[in-house]
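Here is the naming used below: chain letters follow the sequence lines, and residue numbers restart at 1 for every chain.
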Protein chains: 2
Amino acid sequence: MSRTGKTTLADIATKTGYGTNTVSLALRGSTRISQEARDIIAKAAADLDYVPNNSAKSLVLKKSHTVGMLVEYLTNPQPTAVATELQREMSERGYGVLFATSSTPEQETAAIEMFRRHGVDGLLIYPVDHTSIEHLRKLRARNFPVVMLVGMRDTGLDAVGVDEFQASYDATTHLIALGHTKIGALGPLVDKPLKIDGFRHAHRVHGLPLDERQIVEPVGFSMGAGYDGMRELVAREFGLTALFASSDMYGLGAMRWAKDNGVSVPEQLSIVGYDNIEFGEFSHTSLTSVRNDGATLAKAAVERLMQLIDCDAKLPAPTLNLLPGELIIRESSARPGARSWVNTDQAQANRAQISAKK
Amino acid sequence: MSRTGKTTLADIATKTGYGTNTVSLALRGSTRISQEARDIIAKAAADLDYVPNNSAKSLVLKKSHTVGMLVEYLTNPQPTAVATELQREMSERGYGVLFATSSTPEQETAAIEMFRRHGVDGLLIYPVDHTSIEHLRKLRARNFPVVMLVGMRDTGLDAVGVDEFQASYDATTHLIALGHTKIGALGPLVDKPLKIDGFRHAHRVHGLPLDERQIVEPVGFSMGAGYDGMRELVAREFGLTALFASSDMYGLGAMRWAKDNGVSVPEQLSIVGYDNIEFGEFSHTSLTSVRNDGATLAKAAVERLMQLIDCDAKLPAPTLNLLPGELIIRESSARPGARSWVNTDQAQANRAQISAKK
DNA sequence: TTGTAAGCGTTATCAG
DNA sequence: CTGATAACGCTTACAA
């Protein structure tokens with residue numbers, strides 16, 4: 001045993017009397033080694049509690065059997081579930097997953113740097129800014145496998161993800177079909193524009209005018225941000241009767257705002273969320289939302305990454321795998337109610353309060 | 001450049017005309033190398049986009065600068081937030097985090113095996129079964145650093161975590177102090193007994209009789225499981241007016257059950273959760289819950305792990321770091337209301353339905 | 001201040 | 001079927 005207390009091939013070799021490479025071969029089940037020798041060696045390995053040294057293996061094979069997984073945050077249960085699935089899938093294939101979160105481009109760069117140091121064989125990434133991915137393209141150009149977990153077109157990268165644009169279009173269309181004409185939206189504008197783009201597209205297609213005031217970008221990613229965003233939307237007084245929230249977290253935050261301000265959902269305010277998290281399903285008023293199949297997404301992403309990793313030659317042309325999102329209609333969305341609430345005393349008082357804070 | 005396309009020390013050496021070890025030393029900022037040489041070498045490294053090979057380094061240093069992080073699942077936002085913090089803390093110290101989830105002891109064993117293969121320097125673990133941790137003790141006995149993320153006494157392991165027993169005692173005491181005498185509980189009994197133990201302890205201390213029927217172990221970890229557990233508790237007909245849920249997810253599931261069955265919270269049913277997740281805070285009826293400071297927990301756990309890793313000699317005696325939980329009282333808990341609901345028509349109908357299903 | 005040589009644990013090549 | 005030997009990229013004596 002070496003001084004670190006770890007058993008090595010050499011230990012097994014001396015114990016069994018075979019050479020180290022015979023041991024190596026035997027442990028990997030090579031038929032070039034006699035069955036007898038394989039048995040003896042396997043037993044010795046078990047006795048000595050042998051665990052292969054992945055570093056040594058990586059060094060010679062130039063493969064670490066490790067991939068990096070980089071997500072923006074684990075606050076949102078949906079991507080978190082995907083992350084869990086990704087790890088499971090990689091694990092089944094004998095890969096370890098180094099993980100990191102990054103909420104700024106700088107952190108993202110630092111994490112990727114860390115991954116490279118650790119010699120990961122590939123990268124699964126949900127980038128902070130979906131619109132600036134030049135650094136990822138550069139990695140790919142150097143033949144480094146990268147799979148982006150966003151269903152975005154024309155990235156020059158391998159991408160697997162839900163068709164956010166289409167799903168958001170569908171969600172908005174659902175509200176329009178119900179008869180809503182003044183729909184507010186809560187979601188990112190610059191970093192991750194797909195959902196709001198889909199929201200806009202639905203207005204265009206259905207000939208509904210859209211004012212920029214109808215869109216608010218919440219500050220941060222949390223229910224509190226959704227709560228504040230809702231307050232801001234209402235303060236803009238365009239008479240909204242429905243909300244498209246780019247995430248259930250925003251939607252649920254907005255729902256609590258409604259409760260605090262005497263606005264009933266869905267009678268006076270319809271809300272459609274995105275991600276279909278369990279918290280929305282079991283909310284006091286269950287939340288209409290866009291379901292995406294995280295398990296399928298994870299499986300597809302991992303499969304693509306493995307293809308890229310197992311490709312010895314130059315990487316093939318990037319592939320886009322767009323998965324469908326499914327709108328699940330629940331209690332929070334309905335036809336616009338008769339009762340208007342934008343001019344109730346409660347709402348008036350509330351707006352006064354907002355103005356006072358500014 | 002080696003054929004994998006990665007720059008090595010040797011590449012920098014040939015480019016600059018220095019020897020490889022001079023380069024190695026220079027890159028690590030050794031003063032044994034002239035300032036001039038260091039500058040030249042640093043520039044060359046940057047030009048060639050040099051990234052150190054961690055495998056090679058690990059091999060010679062016998063340190064992978066990687067730790068394993070094993071959690072049961074990332075469904076619950078609270079431990080998930082802790083996991084994120086743990087990664088951040090380790091990252092700041094230059095460590096990579098290999099992560100895995102395990103929901104069965106077998107998966108746990110497999111994950112630990114995987115970690116060992118990858119030569120992790122230590123392990124942060126939230127074990128599946130808090131009562132059978134012999135395998136972790138064995139690791140420690142072999143001088144392998146393990147920090148358990150559970151505030152449990154007498155484990156023979158290093159442990160950092162919230163004092164779940166005390167916090168659960170406090171939460172239950174809060175309900176008792178409000179005047180509740182028939183309190184149901186939703187939580188794990190065997191695997192993770194601390195919270196229910198605290199619940200029991202509160203009954204003992206305050207001289208309140210407790211029937212085993214008052215405790216239900218939900219099947220699985222989800223809001224749905226809490227919902228079903230609540231239904232089961234009510235079906236047992238001991239006249240409960242309050243619920244202690246070992247997790248906000250259970251508590252929120254139970255709250256939705258109450259809504260579906262015309263039981264108002266807190267007038268007819270008080271609910272206290274655990275974990276203080278944002279979903280509880282922004283719930284229609286905000287949830288009284290036990291707050292634990294995930295950031296502090298993560299910091300303390302990482303600090304302890306680093307101590308163990310940096311200790312060349314035999315590992316010091318295990319340490320227990322119990323952090324306090326703080327009860328945050330919100331809308332979901334109140335004095336028992338005048339209106340009884342256990343015998344309302346609604347409840348009767350509901351119970352009939354439950355019986356029919358069996 | 002810098003270079004040389006050995007070794008970390010594994011796999012691959014090539015003999016025997 | 002099995003055993004030397006070299007190599008992977010890096011660090012650490014030890015020499016120069």
Side-chain angles (χ1 to χ4, degrees), chain A residues 1-41 44-45 48-66 94 116-119 121 312, chain B residues 1-42 44-45 48-66 94 116-121 312:
Chain A
M1 227 194 268
S2 72
R3 54 202 151 71
T4 50
K6 277 176 193 150
T7 306
T8 69
L9 287 185
D11 298 326
I12 303 178
T14 53
K15 172 159 181 178
T16 57
Y18 289 101
T20 74
N21 71 37
T22 303
V23 173
S24 173
L25 252 12
L27 252 23
R28 282 177 291 158
S30 166
T31 48
R32 287 171 41 192
I33 307 297
S34 69
Q35 186 59 53
E36 189 204 348
R38 263 145 65 190
D39 290 343
I40 295 174
I41 289 169
L48 294 171
D49 189 33
Y50 171 71
V51 177
N53 181 325
N54 195 60
S55 292
K57 210 165 165 169
S58 302
L59 195 54
V60 47
L61 293 182
K62 297 180 174 320
K63 268 203 71 180
S64 65
H65 287 272
T66 304
R116 289 185 63 199
R117 255 201 328 271
H118 281 268
D121 298 331
D312 328 272
Chain B
M1 227 194 270
S2 72
R3 54 199 151 74
T4 50
K6 279 177 190 146
T7 306
T8 70
L9 285 186
D11 298 326
I12 303 178
T14 54
K15 172 159 181 178
T16 57
Y18 288 103
T20 74
N21 70 32
T22 304
V23 174
S24 172
L25 252 13
L27 252 23
R28 283 176 292 158
S30 165
T31 48
R32 286 172 42 192
I33 308 297
S34 68
Q35 185 60 53
E36 189 202 349
R38 263 147 62 192
D39 289 343
I40 295 175
I41 289 169
L48 294 171
D49 189 33
Y50 172 71
V51 177
N53 181 324
N54 193 61
S55 293
K57 213 164 162 168
S58 302
L59 197 53
V60 45
L61 258 29
K62 298 186 173 317
K63 267 202 70 179
S64 66
H65 286 272
T66 304
R116 289 185 64 199
R117 257 200 326 270
H118 281 268
V120 297
D121 299 331
D312 330 271

- Tell me which nucleotide among D/dC10, D/dG3, C/dT10 gets nearest to the side chain of B/Val60. D/dC10
- Query: Pick from B/Ile33, B/Thr20, B/Ile41, B/Thr31: which one makes a side-chain contact (heavy atoms from CB on, under 4.5 Å) with B/Leu25?
  - Reply: B/Ile33
- Message: Using the side-chain heavy atoms of B/Ile33, tell me which of these nucleotides is nearest: C/dT2, D/dG9, D/dC1.
- Response: C/dT2
- Message: Nearest whole Å is fine: how far is D/dG9 P from B/Leu61 CG?
- Response: 17 Å
- Nearest heavy atoms of A/Ala45 and A/Leu27, plus distance in Å: CB-CD1, 4.1 Å
- Message: Minimum heavy-atom separation for A/Tyr50 and A/Thr7, please, with both atom names.
- Response: CD1-O, 3.4 Å
- Whichever of B/Glu36 and A/Leu9 has its nearest DNA chain C nucleotide further upstream toward 5': B/Glu36
- Message: Check the phosphate of D/dG9 against A/Lys62, side-chain N and O only, distance under 4.0 Å to OP1 or OP2. Yes or no?
- Response: yes
- Query: Whole Å only: how far is the OH atom of A/Tyr50 from the P atom of C/dT10?
  - Reply: 4 Å
- Query: When the distance from CZ of B/Arg32 to P of D/dT11 is rounded to whole Å, what number comes out?
  - Reply: 13 Å
- Could you name each residue pair satisfying side chain to side chain donor-acceptor pair (under 3.5 Å) that touches residues 52-61 of chain B, not counting sequence neighbours? A/His118-B/Asn54
- Message: Under 4.0 Å from OP1 or OP2 of D/dG3: is there any side-chain N or O of A/Thr20 that close?
- Response: no
- Rounded to the nearest Å, what distance is computed from the CD atom of residue A/Gln35 to the P atom of nucleotide D/dT2? 11 Å
- Message: Using whole Å, what does the distance between atom P of nucleotide D/dT11 and atom OH of B/Tyr18 come to?
- Response: 18 Å
- Task: Indicate yes or no: does B/Lys62 engage B/Asp121 in a salt bridge with an N to O separation below 4.0 Å.
- Result: no
- Query: Whole-Å distance between C/dT1 P and B/Ile41 CD1?
  - Reply: 13 Å
- Query: Taking atom P of D/dG9 as reference, at what distance in whole Å does atom NZ of A/Lys63 sit?
  - Reply: 17 Å
- Nucleic acid contacts of residues 22-31 of chain A, taken as heavy-atom distances under 4.0 Å to DNA chain D: A/Thr22
- Query: Of all residues at least two apart in sequence or in a different chain, which pass the side chain to side chain donor-acceptor pair (under 3.5 Å) check with B/Arg38?
  - Reply: B/Gln35
- Message: The side chain of A/Lys57 is closest to which nucleotide in this list: C/dT11, C/dT1, C/dG9?
- Response: C/dT11
- Across the strands shown, which category fits B/Gly17 at heavy-atom distances under 4.0 angstrom: base, sugar-phosphate, nothing? sugar-phosphate
- What is the distance from CG of B/Asn54 to P of C/dC8, rounded to the nearest Å? 19 Å
- Do any N or O atoms from the side chain of B/Asp11 and from the backbone of B/Thr8 form a donor-acceptor pair under 3.5 angstrom? yes
